[in-house]
Amino acid sequence: KAGVTQTPRYLIKTRGQQVTLSCSPISGHRSVSWYQQTPGQGLQFLFEYFSETQRNKGNFPGRFSGRQFSNSRSEMNVSTLELGDSALYLCASTEAGAGEQYFGPGTRLTVT
Amino acid sequence: GENVEQHPSTLSVQEGDSAVIKCTYSDSASNYFPWYKQELGKRPQLIIDIRSNVGEKKDQRIAVTLNKTAKHFSLHITETQPEDSAVYFCAASIMSDMRFGAGTRLTVKP
């Protein structure tokens with residue numbers, strides 16, 4: 001099976017702009033989670049989608065949003081970008097229940 | 001939500017020594033505890049996991065122990081090798097809601 005893919009891999013944006021990141025899970029995986037990774041902060045949980053519904057949400061402001069499509073592909077959107085949003089954004093997919101999460105390569109977002 | 005604390009944040013050992021990383025979690029409903037290894041520039045990859053109905057699990061040089069009463073779990077790496085150098089993350093999960101610790105940067109000196 002193909003692994004988790006994310007596009008784009010790198011992105012440079014200006015403060016105030018918005019950005020959309022995409023994640024395609026492993027075929028058959030219905031759960032997609034998003035994480036923000038910054039140096040020293042580890043993996044901060046953003047949200048998790050299952051069957052097109054947001055099932056869990058982390059402690060991020062409303063500027064961070066996401067959605068999932070019927071084919072399980074997911075997008076996350078960040079509006080009104082701030083310098084502090086510069087990070088590696090990772091998505092991970094898993095089958096319906098608890099178990100190993102398979103990570104994508106990440107999208108490195110730089111906000112200038 | 002679940003809160004996972006991980007210690008130490010950095011760990012340096014001599015090749016051949018053992019390394020231990022400890023994590024605590026807050027939600028007693030957590031039932032799945034994976035450990036991920038992330039090498040520089042790469043994505044996190046699962047190295048071992050344990051479920052709440054098991055107290056210990058071993059895979060070659062790697063072992064994980066879980067104490068449900070105290071809500072803590074640990075990763076043990078024996079006979080460390082330079083290729084073990086990486087950042088290690090613990091996590092605690094309730095169903096697919098997985099929360100990670102802040103990571104431990106392990107350096108194994110040859």
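Just so we're clear, the structure is a prediction, and the values are computed from it rather than from any experiment. Residue numbers begin at 1 in each chain, while the letters A, B, ... track the order of the sequences. Note: hydrogens, waters and symmetry copies are ignored here, and every other heavy atom, side chains too, is used.
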(request) Heavy-atom distances under 4.5 Å only: say whether Q101(A) touches chain B with side chain, backbone, both or neither. (result) both
(message) Would you say CG of N71(A) has more than 12 non-hydrogen atoms from neighbouring residues, nucleotides or ligands within 6.0 angstrom?
(response) yes
(request) For Q37(A) and F89(B), work out which heavy atoms get closest and say how close. (result) NE2-CZ, 3.5 Å
(message) Within the supplied structure, the quantity of interest is the number of heavy atoms (other residues, nucleotides, ligands) at a distance under 6.0 Å from E83(B) CD; does it exceed 12?
(response) yes
(request) Please round to the nearest 0.5 Å and tell me the distance separating atom CD of E100(A) and atom OG of S93(B). (result) 12.0 Å
(request) Check the surroundings of atom NZ in K68(B): do more than 12 heavy atoms from other residues, nucleotides or ligands lie under 6.0 Å from it? (result) no
(message) For L90(A), which atoms come within 4.5 Å of any heavy atom of chain B: side chain, backbone, both, or neither?
(response) side chain
(request) Identify which part of Q38(B) has an atom lying under 4.5 Å from any heavy atom of chain A, answering side chain, backbone, both or neither. (result) side chain
(request) Among the options Q45(B), R43(B), R99(B), pick out the one with the most heavy-atom pairs lying under 4.5 Å from chain A. (result) R43(B)
(request) Could you list which of residues 17-30 of chain B have a heavy atom closer than 4.5 Å to any heavy atom of chain A, in residue-number order? (result) none
(message) Just checking R61(B): does its CZ atom have more than 12 heavy atoms from other residues, nucleotides or ligands closer to it than 6.0 angstrom?
(response) yes
(message) Taking the side chain as everything from C-beta on, heavy atoms only, tell me whether M98(B) gets closer than 4.5 Å to Y35(A).
(response) yes
(message) Is there a continuous path of hydrophobic side-chain contacts, each under 4.5 Å between heavy atoms, that joins F47(A) to I94(B)?
(response) no
(request) Using a cut-off of 6.0 Å, state whether more than 12 heavy atoms not belonging to E79(B) lie near its atom CD. (result) no
(request) Considering only heavy atoms, give the residues of residues 102-110 of chain B separated from chain A by less than 4.5 Å, sorted numerically, with 'none' for an empty result. (result) A102(B)
(request) Spell out, yes or no, whether L43(A) and L46(A) are grouped together once hydrophobic residues are joined by side-chain heavy atoms under 4.5 Å, including indirect joins. (result) no
(request) Using a 4.5 Å cut-off on heavy atoms from C-beta on, say whether the side chain of F45(A) contacts that of D97(B). (result) yes
(request) Kindly work out whether a path of hydrophobic side-chain contacts (I/L/V/M/F/W/Y, heavy atoms less than 4.5 Å apart) joins F33(B) to V54(B). (result) yes
(message) If hydrophobic clusters are built from ILVMFWY residues whose side chains come within less than 4.5 Å, do I47(B) and Y102(A) share one?
(response) no
(request) Is it possible for you to say whether L109(A) and L83(A) belong to one hydrophobic cluster, with membership spreading through side-chain heavy-atom contacts below 4.5 Å? (result) yes
(message) Which atoms of P34(B) are under 4.5 Å from chain A, going by heavy atoms: the side chain, the backbone, both sets, or neither?
(response) neither
